[in-house]
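First up is the structure itself, then whatever we jot down about it.
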Amino acid sequence: MDFNLPVKKSPFRSIKLYASRLEKLHISTHLDFIYHMPSRYEDFSHIAPVANIQVGEIVTIHANVIDAKTSYLRNRKSIQRATFSDGTGSIFVTWFNQPYLVKQLPVGTSVWLSGRADIFNKKLTMQSPDYEIETSEPIHTGRLVPIYPETYGVSSKWLRRQIHSLLKEIENEKEFLPPYLLKENNLMEYPLSLQKIHFPLSLEESNKARQRLAFDELFFLQVSALHRKREWKSVQKSVSLTVSKHHEKLEKLYNSLPFTLTNAQKKAVEDICSDIAKRSPMNRLLEGDVGSGKTVVAGIAMYITFLNGYQSVLMAPTEILAMQHFQTIERLFTPFGVRIGLATGSKKIQLDDFDVLIGTHALLSEKIQFKKLAFVIIDEQQRFGVSQRALIRKKGISAHLLTMTATPIPRTIALTMYGDLDVSFLDELPKGRQEIKTWFVPKDKREAAYRWIEQQITKEKSQAFIICPFIETSESMQTVKAASVEFARLKKDIFPNLTLGLLHGNLKAKEKDEVLRNFNNKVFDILVATPVVEVGIDIPNATIMMIEAAERFGLSQLHQLRGRVGRGKKQSYCLLFSDAFSKTSYARLKAMEKLHIGAELAELDLRLRGPGSIYGTEQSGKTLLKIATFSDTFLLQKAKIAAEQIFPNMEEFPEIRGKMKQLQTQDISPD
Ligand code: ADP
Ligand code: MG
């Protein structure tokens with residue numbers, strides 16, 4: 001079977017019909033099915049004769065239909081009642097609103113039934129059990145049954161059936177790791193682990209399968225990192241940028257800043273200076289929590305580049321952010337004679353003659369003449385992914401590279417995962433930052449919260465963000481529409497005496513720019529926005545962040561959003577609203593009240609919601625890890641050792657390379 005066959009072209013008709021629904025689960029090829037991992041298992045493995053069933057137990061029986069009929073109620077509702085016997089005794093079963101079922105259950109049909117046994121009217125019963133008809137090898141009953149992440153119209157049962165039949169087609173999948181590695185690391189074989197992750201005989205077996213697939217994932221990631229490192233090093237020399245002749249000018253710059261640098265910022269600047277003095281290109285990651293002050297570090301590096309007579313580029317993930325960086329950097333450096341250009345998809349300033357160029361990734365694809373480019377900075381690197389570095393390389397640019405991220409990965413793990421990078425950590429927030437007071441607001445306090453916001457704005461001259469829920473993906477039309485409706489409502493009914501602005505991704509860059517400038521200049525009291533403001537925006541006078549449908553965000557994202565306030569000296573506040581009443585979402589949102597460090601929140605989400613929550617697709621396109629988690633430090637270590645052993649001799653392992661290519665692990669193939 002062709003693993004990489006798109007589901008749209010699947011020979012399985014039912015799969016083909018479901019293509020658009022499956023997109024929501026990020027399933028677009030047969031392979032994605034196989035790698036759609038169960039989130040848990042239902043334990044229906046206890047099979048018993050009817051005579052031995054204990055009341056209250058979860059049990060599977062294999063029995064024949066004695067009779068089955070439907071009775072109709074009002075409102076087109078119906079009940080299906082059936083009796084089954086397996087020779088040792090009989091059991092009465094009811095289902096609701098499944099009239100087609102009766103047709104499938106003619107007298108004598110043999111059926112598997114899994115569910116909770118109960119007593120009703122002194123009779124042994126089962127309500128709405130899972131069932132399977134006339135099969136020798138049950139997959140929905142009588143075993144550990146995998147439960148999958150689902151979406152509208154795509155049930156676990158349907159997924160299970162497809163995955164089960166696809167697994168039958170993969171007998172030509174082979175082991176690709178050398179036998180000694182399997183033995184050393186006590187790993188299950190690859191083809192077997194694909195079978196067993198979906199259809200294990202025991203939880204132990206599923207754990208072993210998961211371990212194996214997680215190992216692969218971590219191993220591939222590190223092989224990729226080693227590969228990128230070698231590529232990076234193989235490149236021709238870049239220029240050496242030094243500070244020795246420019247101490248005085250740097251001192252002047254530092255004195256012009258409205259604050260003194262934190263020790264962590266100073267250390268990061270030192271790290272960078274020592275890297276860029278060398279002629280081999282720097283490849284450094286600057287990791288720092290929201291508000292730790294990464295921008296100014298980037299700014300200083302660009303100024304040093306300028307002092308050496310070279311150009312630098314700062315690339316941001318969104319136009320809004322690029323524009324804001326442009327304004328910040330302009331304010332800081334224009335007095336020092338630095339010429340600053342801007343290049344986003346829709347706005348261009350001074351492209352012929354610049355020392356510093358700021359923009360979105362558009363600036364890489366534009367036909368911009370870099371005459372003396374020596375330094376490239378990528379902000380919010382998690383949004384771009386590793387491939388941007390490859391892109392820069394493709395442009396033939398051999399500049400020093402600094403990537404910046406607020407993704408809170410613990411130090412030791414960052415060092416292993418980004419094996420190809422040097423890392424500086426801004427692990428200290430600027431002085432005088434106050435903790436942002438955070439409240440999860442109950443439904444009946446909504447009105448009071450609005451009045452409190454109004455009071456803060458009129459009395460304290462503060463400003464507020466109101467973040468509307470994202471619906472589907474963050475900038476879909478529905479999201480924009482919902483935000484516009486909410487904007488109108490707030491303006492008319494809730495805050496008629498205040499001025500409100502609206503910001504969403506569908507605005508033209510010029511309009512976004514204007515909205516933000518107006519907010520910054522206090523023309524608006526309140527900025528109503530879709531979650532586009534999530535990354536990076538800096539409005540020091542804003543002190544209130546109100547977030548609707550907060551449960552839809554990962555905690556790290558909420559932390560990012562909250563980080564939009566609390567940037568000035570005034571006390572700041574974050575109000576979380578949510579209509580979801582699951583225990584988990586309550587616990588998560590309550591945690592926002594207590595925890596204020598990005599890494600701690602990330603770890604909690606990891607425990608409560610799994611790895612997707614940090615590297616949510618919303619944030620980063622494709623998730624970094626599907627199976628393994630970063631808390632798997634032991635496995636991470638093993639995979640690292642294996643990667644370091646194998647990588648230098650990769651030519652001897654074409655199967656590994658083939659598998660990486662098939663799974664589309666980035667940046668591996670040199671061809
Ligand atoms: P992030 O790391 O999230 O990108 P920014 O670079 O946007 O953070 O900085 C957040 C805010 O903190 C900005 O308003 C910036 O001017 C301010 N800032 C940066 N460094 C310091 C410092 N050392 N002391 C006080 N404020 C600082
Ligand atoms: Mg930033």
Side-chain angles (χ1 to χ4, degrees), residues 250 253-272 284-303 314-333 356 358-360 377-384 402-409 414 423-436 463 465 516 519-521 532-543 545 556-570 572 574 596-599 601-602 619-620:
L250 267 176
L253 171 73
Y254 288 157
N255 290 335
S256 80
L257 295 176
F259 44 75
T260 44
L261 296 180
T262 63
N263 288 330
Q265 283 170 321
K266 282 184 200 152
K267 173 75 171 49
V269 171
E270 273 168 30
D271 289 345
I272 292 168
R284 182 169 285 279
L285 176 73
L286 181 60
E287 187 184 314
D289 204 343
V290 180
S292 59
K294 296 184 285 292
T295 317
V296 70
V297 174
I300 293 167
M302 293 195 290
Y303 186 56
L314 170 57
M315 204 161 84
T318 63
E319 294 203 351
I320 293 180
L321 202 53
M323 225 97 76
Q324 182 191 293
H325 281 328
F326 175 72
Q327 283 154 11
T328 311
I329 302 285
E330 202 179 34
R331 203 168 52 231
L332 284 178
F333 295 114
V356 165
I358 294 168
T360 55
I377 299 164
I378 303 179
D379 192 16
E380 306 294 348
Q381 167 265 351
Q382 74 278 8
R383 284 251 166 160
F384 287 111
L402 181 69
T403 40
M404 309 201 285
T405 180
T407 304
I409 302 175
V423 189
S424 296
F425 295 90
L426 294 187
D427 46 12
E428 172 190 14
L429 287 182
K431 272 203 203 72
R433 284 281 160 79
Q434 299 186 36
E435 214 158 73
I436 299 162
Q463 289 170 282
F465 290 98
L516 270 180
F519 191 47
N520 212 357
N521 294 335
V532 286
V533 296
E534 179 199 323
V535 162
I537 289 178
D538 189 33
I539 310 265
N541 190 54
T543 60
M545 169 60 66
S556 298
Q557 285 171 294
L558 286 177
H559 183 62
Q560 275 267 1
L561 278 173
R562 176 167 67 180
R564 297 309 111 224
V565 298
R567 298 184 153 238
K569 293 211 173 59
K570 283 198 249 178
S572 287
C574 176
H596 292 269
I597 294 170
L601 284 164
Q619 280 257 41
S620 58

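Every number for a ligand or one of its atoms is a count from 1 in the order of the listing. In what follows, residues are counted from 1 in the order of the sequence shown.
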*asked:* Heavy-atom contact check, 4.0 Å cutoff: does Gly291 meet ligand 1?
replied: yes

*Shortest heavy-atom approach to atom 6 (O) of ligand 1 - which of Asp289, Thr295, Thr405*: Thr295

*Kindly compute the distance separating CG (Leu321) from CD (Glu319), expressed to the nearest 0.5 Å.*
11.0 Å

*Proximity to ligand 1 by part of Arg567, non-hydrogen separation under 4.0 Å*: side chain

*asked:* Rounded at 0.5 Å granularity, tell me how far CZ in Arg331 sits from OG in Ser256.
replied: 11.5 Å

*Do Arg284 and Ser424 have side-chain N/O donor and acceptor atoms under 3.5 Å apart?*
yes

*asked:* Below 4.0 Å, non-hydrogen atoms only: which portion of Gln265 touches ligand 1? Side chain, backbone, both or neither.
replied: side chain

*Where is the tightest heavy-atom contact between Ala316 and Asp379, given as atom of each residue plus distance?*
CA-CB, 4.4 Å

*ligand 1 versus Thr260: contacting region, heavy-atom distance under 4.0 Å*: backbone

*Answer side chain, backbone, both or neither: which part of Leu261 comes under 4.0 Å from ligand 1, heavy atoms only.*
backbone

_Tell me whether Val290 has any N or O atom under 3.5 angstrom from an N or O of ligand 1._
no

*Of the side chain and backbone of Arg433, name the one, both, or neither that has a heavy atom under 4.0 Å from an atom of ligand 1.*
side chain

*Within-shell test, Ser292 vs ligand 1, heavy atom, strictly < 4.0 Å*: yes

*asked:* Can you name the atoms of ligand 1, numbered from 1 with element, that are less than 4.0 Å from a heavy atom of Thr262?
replied: 23 (N)

*asked:* Can you list everything that forms a salt bridge (Lys or Arg N to Asp or Glu O under 4.0 Å) with Lys267? Sequence neighbours excluded, please.
replied: Asp271

*Of Met404, Met315, His325, which meets side chain to side chain contact (heavy atoms under 4.5 Å, CB included) against Ile377?*
Met404

_Angle between ring planes, Phe519 versus Phe465, binned at 30° and 60°: parallel, tilted or perpendicular?_
perpendicular

*Which ligand 1 atoms, with their elements, are less than 4.0 angstrom from a heavy-atom of Gly293?*
1 (P), 2 (O), 5 (P), 6 (O), 8 (O), 9 (O), 19 (C)

*Partner set under side-chain contact (heavy atoms from CB on, under 4.5 Å) for Ala301, not counting sequence neighbours*: Ile272, Phe375

